[in-house]
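Every number for a ligand or one of its atoms is a count from 1 in the order of the listing.
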Amino acid sequence: MTVFLTGGAGFIGSHTALVLLEAGHDVVVYDNLSNASRESLNRVEQLTGQRIEFIAGDIRDGQHLDRVFAERDIDAVVHFAGLKAVGESTEQPLAYYDNNVAGTLSLCNAMDRADIRTLVFSSSATVYAESREMPLSEQAPTGRPTNPYGSSKLMIEWLLADLQQADPRWSIALLRYFNPVGAHESGRIGEDPQGRPNNLLPFISQVAVGRLPELAVYGSDYPTRDGTGIRDYIHVMDLAAGHLAALKAIEGTNGLHTWNLGTGQGYSVLEMIQAFEQAADRDIAYRLVERRPGDVAECWADASRAARDLGWRAERGLEEIMRDAWRWQSQNPNGFRG
Ligand code: NAD
Ligand code: UFG
């Protein structure tokens, strides 16, 4: 199958490209490189010994997508492209609705014109309403997200559900990721945030290599086992394998499916720091500070639907996550810039 990856040069896209190539699929990456570097794909090509077709472009450019689709035989689209910084989205909501919502609309229109109707979408656990009941299954209510990034993900889910209902030829998977972390075991590809990282693990990694002085732990008075926030951290290679499984499951079928991609296990911020310290054999300087607005106390997945429907489950534990995150960061202290 030939799979078209929007945003395929980014963190999750590059790992998924690798997994798809290794499974024997052809991969076309379409990315405007607003938050990624071409180098990630060079490295995937080196690791797999296979070629990726790269096309520089923006999903909001429908005419370009028309030309690209007309010239190739695309079987399915995995749609990663979008902006994802929660804090930035509160300052620039229009940029988020434009890239994420209008971008998805433009992509779906172009797919429809080209008769391509198999789509896997990168959604997020952020769509769930705040809840005291864990784990979160796909039936848990969605909420009013606390930021425009989260709203854009929920709006896209609605848009895709309406589309599939109106035209049952569409086959759509909404994959709700929990917290993607880690890196390919080679240490050659990984997460390379531009500027100051927003997420916990890249922040810890950059403290470890001396790019940042210390980690601020946001909140130590949550009703959790040690007072810090609990999340479901999933190894990016497990997440990538989840895309392959979802593609296999929806190929040649019609319908809309929602699957949580998480491990079903939650870890606190302090547990994450400790596990990283063990893997890297060095101390991480940190300070307990106020809660970060918009954060929930805990969030972890009931991943049983994906296990049942896709035969997929996360296989890598915290030790592997930290070992691989550290290998990537220590071998590439400045990310893809060397
Ligand atoms: P990323 O920023 O590394 O990858 C996104 C890619 O999309 C980048 O390569 C960027 O250059 C590209 N892009 C952005 N806007 C584009 C546009 N208009 N046209 C073409 N390309 C565009 O992020 P990631 O962590 O790999 O996330 C991939 C997807 O998964 C995103 O949709 C994100 O919202 C979603 N997601 C991520 C997380 C997470 O914590 N990393 C959690 C849940 C969901
Ligand atoms: N945290 C810190 N210090 C930091 C960064 C994070 O203490 O510098 C804490 C947070 O308070 C939280 C945990 O570490 O308790 C994880 O925070 P992240 O920012 O890494 O991840 P979030 O759970 O807030 O959000 C992430 C993605 C969202 C996605 C969501 C899905 O950023 O895009 O997971 O659950 F929607």
Would you check whether [X] has a nitrogen or oxygen atom less than 3.5 angstrom from a nitrogen or oxygen atom of ligand 1?
{"X": "Asp31", "answer": "yes"}
{"X": "Glu191", "answer": "no"}
{"X": "Leu83", "answer": "no"}
{"X": "Ala81", "answer": "no"}
{"X": "Phe80", "answer": "yes"}
{"X": "Phe11", "answer": "yes"}
{"X": "Lys153", "answer": "yes"}
{"X": "His79", "answer": "no"}

Legend entry - Part of Ile59 within contact of ligand 1 (heavy atoms, under 4.0 Å):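 For Ile59, backbone and side-chain atoms both sit under 4.0 Å from ligand 1.
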
How far is [atom] from its nearest protein heavy atom, and which residue and atom is that?
{"atom": "atom 2 (O) of ligand 1", "result": "Asn35 ND2, 2.7 Å"}
{"atom": "atom 4 (O) of ligand 1", "result": "Gly10 CA, 3.6 Å"}
{"atom": "atom 18 (N) of ligand 1", "result": "Asn99 OD1, 2.7 Å"}
{"atom": "atom 38 (C) of ligand 1", "result": "Pro180 CG, 3.9 Å"}
{"atom": "atom 25 (O) of ligand 1", "result": "Lys84 NZ, 2.8 Å"}

Shortest reach to [atom] by a heavy atom, considering only [options]:
{"atom": "atom 33 (C) of ligand 1", "options": "Phe121, Tyr30, Tyr149, Tyr177", "value": "Tyr149"}
{"atom": "atom 22 (P) of ligand 2", "options": "Asn147, Asn179, Asp232, Ile234", "value": "Asn179"}
{"atom": "atom 6 (C) of ligand 2", "options": "Ile273, Leu200, Val181", "value": "Leu200"}
{"atom": "atom 20 (C) of ligand 1", "options": "Thr6, Asn32, Ile12", "value": "Asn32"}
{"atom": "atom 12 (C) of ligand 2", "options": "Arg231, Lys84, Arg176, Arg287", "value": "Arg231"}
{"atom": "atom 2 (C) of ligand 2", "options": "Tyr218, Tyr177, Tyr149", "value": "Tyr218"}

Would you kindly say whether [X] and [Y] are connected by a side-chain donor-acceptor distance under 3.5 Å?
{"X": "Ser137", "Y": "Gln139", "answer": "yes"}
{"X": "Thr263", "Y": "Tyr233", "answer": "no"}
{"X": "Ser123", "Y": "Glu157", "answer": "yes"}
{"X": "Glu88", "Y": "Tyr149", "answer": "no"}
{"X": "Asn42", "Y": "Glu39", "answer": "yes"}
{"X": "His257", "Y": "Asp309", "answer": "no"}
{"X": "Arg43", "Y": "Asn332", "answer": "yes"}

Under a 4.0 angstrom heavy-atom cut-off, which atoms of ligand 2 come close to [X]?
{"X": "Ser124", "answer": "29 (C), 30 (C), 31 (C), 36 (F)"}
{"X": "Gly229", "answer": "15 (O)"}
{"X": "Asn198", "answer": "5 (C), 19 (O)"}
{"X": "Leu215", "answer": "3 (N), 4 (C), 8 (O)"}
{"X": "Val217", "answer": "7 (O)"}
{"X": "Thr126", "answer": "31 (C), 36 (F)"}

Find out whether [X] and [Y] are in side-chain contact, i.e. whether some heavy atom of one side chain is under 4.5 Å from a heavy atom of the other.
{"X": "Leu83", "Y": "Asn35", "answer": "no"}
{"X": "Asp26", "Y": "Gln50", "answer": "no"}
{"X": "Pro213", "Y": "Val207", "answer": "no"}
{"X": "Ile230", "Y": "Met134", "answer": "no"}

Legend entry - Side chain, backbone, both or neither: the part of Ala216 lying under 4.0 Å from ligand 2 by heavy atom: backbone

Inset, instruction - May I ask you to identify, for Asn199, whether its side chain, its backbone, both or neither come under 4.0 Å of ligand 2 on a heavy-atom basis? - result: both

Inset, instruction - Give yes or no for whether the N/O distance cutoff of 3.5 Å, strictly under, is met between Arg292 and ligand 2. - result: yes

Inset, instruction - Looking only at distances, please establish whether an N/O atom of ligand 2 is found under 3.5 Å from an N/O atom of Cys299. - result: no

Legend entry - For Val28, the option from Val3, Ile55, Val77, Ile52 that meets side chain to side chain contact (heavy atoms under 4.5 Å, CB included): Ile55

Inset, instruction - Using side chain to side chain contact (heavy atoms under 4.5 Å, CB included) as the criterion, point out the one residue from Leu160, Leu175, Leu256, Val78 that pairs with Phe121. - result: Leu160

Inset, instruction - Please confirm whether Tyr30 and Phe4 have ring centers closer than 6.0 angstrom. - result: yes

Legend entry - Phe178 ring center within less than 6.0 Å of Trp300 ring center: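 No, the ring centres sit 6.0 Å or more apart.
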
Legend entry - Pair Asp221 + Arg291, salt bridge at N-O below 4.0 Å: yes

Taking the non-hydrogen atoms of [X], is any one of them nearer than 4.0 angstrom to ligand 1?
{"X": "Ser34", "result": "yes"}
{"X": "Ser123", "result": "yes"}
{"X": "Pro193", "result": "no"}

Legend entry - Numbering as shown, the atoms of ligand 1 that approach Ala36 to under 4.0 Å (heavy-atom distance): 9 (O), 11 (O)

Inset, instruction - Considering the heavy atoms of Leu33, write down every atom of ligand 1 situated less than 4.0 Å from one of them. - result: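 Listed by number with element, the hits are 11 (O).
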
Legend entry - Pairs flagged by salt bridge (Lys or Arg N to Asp or Glu O under 4.0 Å) wherever residues 5-21 is involved - sequence neighbours left out: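 Applying salt bridge (Lys or Arg N to Asp or Glu O under 4.0 Å) to every pair that reaches into residues 5-21, excluding sequence neighbours, yields nothing.
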
Legend entry - Residue pairs involving residues 237-260 (criterion salt bridge (Lys or Arg N to Asp or Glu O under 4.0 Å); sequence neighbours excluded):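 Applying salt bridge (Lys or Arg N to Asp or Glu O under 4.0 Å) to every pair that reaches into residues 237-260, excluding sequence neighbours, yields Asp238-Arg316.
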
Inset, instruction - Look at ligand 2 and say whether Tyr233 reaches it with a heavy atom at a distance under 4.0 Å. - result: yes

Legend entry - Shared hydrophobic cluster for Tyr267 and Ile234 (ILVMFWY, side-chain gaps under 4.5 Å):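 No, no single cluster joins them.
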
